[in-house]
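Working notes for the structure below.
Atoms considered below: every heavy atom in the structure, side chains included; atoms not considered: hydrogens, waters and symmetry mates. Atoms within each ligand, like the ligands themselves, are counted from 1 in listed order.
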Amino acid sequence: MFRTSSSPDPTEFAGKRAIVTGGSRGIGAAIVQRLLDGGATVVTTARNATDETPKAATFIRGDVGTLAGVQAFAAAALAELGGVDIVVNNAAAARAHIGGISSIPDEEWIDALDLNYLSAVRVTNALLPALREAGPGGVIVNISSGAALTPPPPLAHYGAAKAALNAYSKALASELAPAGIRVTTIIPGNVLTPGADAIRQNFADAMDVPLAATTAGIPLGRPGDPRDIAEAVAYLASDRAQWVTGVSLTVDGGELPIV
Ligand SMILES: NC(=O)c1ccc[n+]([C@@H]2O[C@H](COP(=O)([O-])OP(=O)(O)OC[C@H]3O[C@@H](n4cnc5c(N)ncnc54)[C@H](OP(=O)(O)O)[C@@H]3O)[C@@H](O)[C@H]2O)c1
């Protein structure tokens with residue numbers, strides 16, 4: 001069970017403007033809430049809000065799976081905030097394909113790349129002029145996945161897209177460091193969220209094992225809580241990490257082998 005050890009400093013992100021994609025539920029909603037708790041002004045997007053969507057954030061309905069959707073969202077978010085200091089590329093969807101990697105249809109590969117990789121590239125491209133205008137101190141946090149490093153075959157396309165996101169983030173970190181803009185990646189392990197729970201249920205059904213078996217054996221003894229990832233985002237987005245860029249931070253209870 002997630003333990004809250006201390007209250008967030010409510011002034012840590014005071015005056016900061018944050019844009020988080022996929023903040024309607026799960027990890028994204030926890031990230032939005034954590035940035036709000038630190039005093040940031042936050043805009044988020046998804047195709048639909050849910051009961052989990054933090055009320056104190058501005059929710060703009062949108063689809064970051066297409067270039068046009070990203071451009072419409074970015075323009076609306078910048079109009080709302082007047083600029084941006086923190087960008088969290090979190091929106092994604094893993095869709096398992098049972099039946100062999102070579103049978104994944106071309107459209108599923110393209111969808112996986114559009115949503116799980118190119119959405120982050122497109123959101124970043126659309127927001128970069130505003131990040132540069134805000135001056136040194138800007139931060140981009142890209143939410144990747146353990147599937148980028150140890151992809152299960154039914155998630156080969158999702159894992160490949162997330163691996164591309166890792167490589168892109170490294171290159172971007174090098175390019176933007178002279179401007180004082182930091183770029184980091186988080187690699188979550190098995191975190192209990194609506195999206196991931198559905199995928200795990202698929203796997204459990206396909207393998208004919210109980211759902212709990214899909215999160216068994218995590219060295220730290222439990223699956224992740226969305227707030228585990230949100231805390232890591234808060235650290236990487238804050239001045240506490242002002243000398244940290246280009247890293248991939250694995251947050252997974254010790255599940256991935258050391259790489
Ligand atoms: N949970 C895990 O175990 C786990 C593990 C490794 C990595 N991750 C990564 O962590 C991030 C969050 O995952 P999660 O488990 O919290 O997933 P989730 O519960 O499915 O939430 C995904 C969020 O992204 C939004 N989204 C999906 N497609 C979108 C689109 N086309 N346009 C705009 N928003 C879209 C969803 O809202 P709508 O569907 O309404 O659009 C929702 O807000 C993802 O990057 C995921 O790859 C999660």
Side-chain angles (χ1 to χ4, degrees), residues 2 19-34 42-54 57 59-74 76-77 87-96 110-123 126 141-152 155 157-166 169 185-203 211 214-215 218 222-230 232-233 248-253 255-256:
F2 180 85
I19 295 178
V20 179
T21 64
S24 66
R25 61 173 191 256
I27 289 171
I31 293 168
V32 169
Q33 189 58 56
R34 181 61 182 80
V42 186
V43 168
T44 191
T45 189
R47 289 163 301 175
N48 293 294
T50 73
D51 290 348
E52 260 191 76
T53 312
F59 179 81
I60 297 173
R61 200 168 171 185
D63 183 348
V64 298
T66 67
L67 178 59
V70 166
Q71 288 172 340
F73 165 64
V87 177
V88 184
N89 286 306
N90 165 77
R95 297 187 185 104
I110 290 168
D111 275 1
L113 290 166
D114 269 334
L115 181 57
N116 301 307
Y117 169 46
L118 289 175
S119 64
V121 174
R122 291 166 176 157
V123 167
V141 182
N142 292 326
I143 308 300
S144 182
S145 171
L149 306 178
T150 54
L155 293 179
H157 41 353
Y158 168 77
K162 292 290 195 177
L165 180 62
N166 293 355
S169 303
T185 307
I186 292 180
I187 303 198
N190 275 298
V191 181
L192 301 180
T193 67
D197 294 348
I199 290 287
R200 280 187 286 268
Q201 187 67 59
N202 267 353
F203 277 154
L211 181 60
T214 61
T215 54
I218 295 172
R222 64 168 174 85
D225 181 289
R227 292 169 293 180
D228 288 308
I229 308 304
V233 171
S248 288
L249 176 59
T250 300
V251 184
D252 71 346
E255 192 173 7
L256 275 179

Measure the distance from [atom] to every protein heavy atom, then report the residue, atom name and distance (to 0.1 Å) of the closest one.
| atom | answer |
| --- | --- |
| atom 3 (O) of ligand 1 | Val191 N, 2.8 Å |
| atom 42 (C) of ligand 1 | Ser24 OG, 3.5 Å |
| atom 31 (N) of ligand 1 | Asp63 OD1, 2.7 Å |
| atom 40 (O) of ligand 1 | Asn48 N, 3.2 Å |
| atom 34 (N) of ligand 1 | Ala46 CA, 3.5 Å |
| atom 29 (C) of ligand 1 | Arg47 NE, 3.6 Å |
| atom 17 (O) of ligand 1 | Thr193 OG1, 4.1 Å |

**Request:** For ligand 1, indicate whether the residue Ala147 contacts it via side chain, backbone, both or neither (heavy-atom separation under 4.0 Å).
**Result:**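 The answer is neither; Ala147 stays 4.0 Å or more away.
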**Prompt:** Side chain, backbone, both or neither: which part of Leu115 comes within less than 4.0 Å of ligand 1 when only heavy atoms are counted?
**Reply:**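 For Leu115, only side-chain atoms sit under 4.0 Å from ligand 1.
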**Prompt:** Any salt bridge (charged side-chain N to carboxylate O under 4.0 Å, His left out) pairs touching residues 186-200, not counting sequence neighbours?
**Reply:**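 Only Asp197-Arg200 qualify under salt bridge (charged side-chain N to carboxylate O under 4.0 Å, His left out).
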**Request:** Output every pair passing salt bridge (charged side-chain N to carboxylate O under 4.0 Å, His left out) with a member in residues 110-121, not counting sequence neighbours, ordered by first then second residue.
**Result:**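 Residue pairs with at least one partner in residues 110-121: Asp114-Arg122.
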**Request:** Test Asn166 against Ser144 for side-chain hydrogen bond (donor to acceptor under 3.5 Å, both in side chains), laying out the working first.
**Result:** CA-CA 7 Å; Asn166 293 355; Ser144 182; 2.7 Å; yes
**Gly189: numbered ligand 1 atoms lying under 4.0 Å from its heavy atoms** =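 Answer for ligand 1: 2 (C), 3 (O), 4 (C), 5 (C), 6 (C).
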Can you confirm, on distance only, whether ligand 1 has an N/O atom lying under 3.5 Å from any N/O atom belonging to [X]?
| X | answer |
| --- | --- |
| Gly146 | no |
| Ala93 | no |
| Asn190 | no |

**Message:** Taking only non-hydrogen atoms of Tyr158, do any sit less than 4.0 angstrom from ligand 1?
**Reply:** yes
If you take the nearest heavy atom of each of [options], which one is closest to [atom]?
| atom | options | answer |
| --- | --- | --- |
| atom 32 (N) of ligand 1 | Val64, Asn142, Thr45 | Val64 |
| atom 11 (C) of ligand 1 | Ile31, Asn90, Val88 | Asn90 |
| atom 22 (C) of ligand 1 | Ala91, Gly28, Ala92, Gly26 | Ala92 |

**Request:** Would you give the length of the straight line joining atom CG of Asn142 to atom OH of Tyr117, rounded to the nearest 0.5 angstrom?
**Result:**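 Going from CG on Asn142 over to OH on Tyr117, the span is 10.5 Å.
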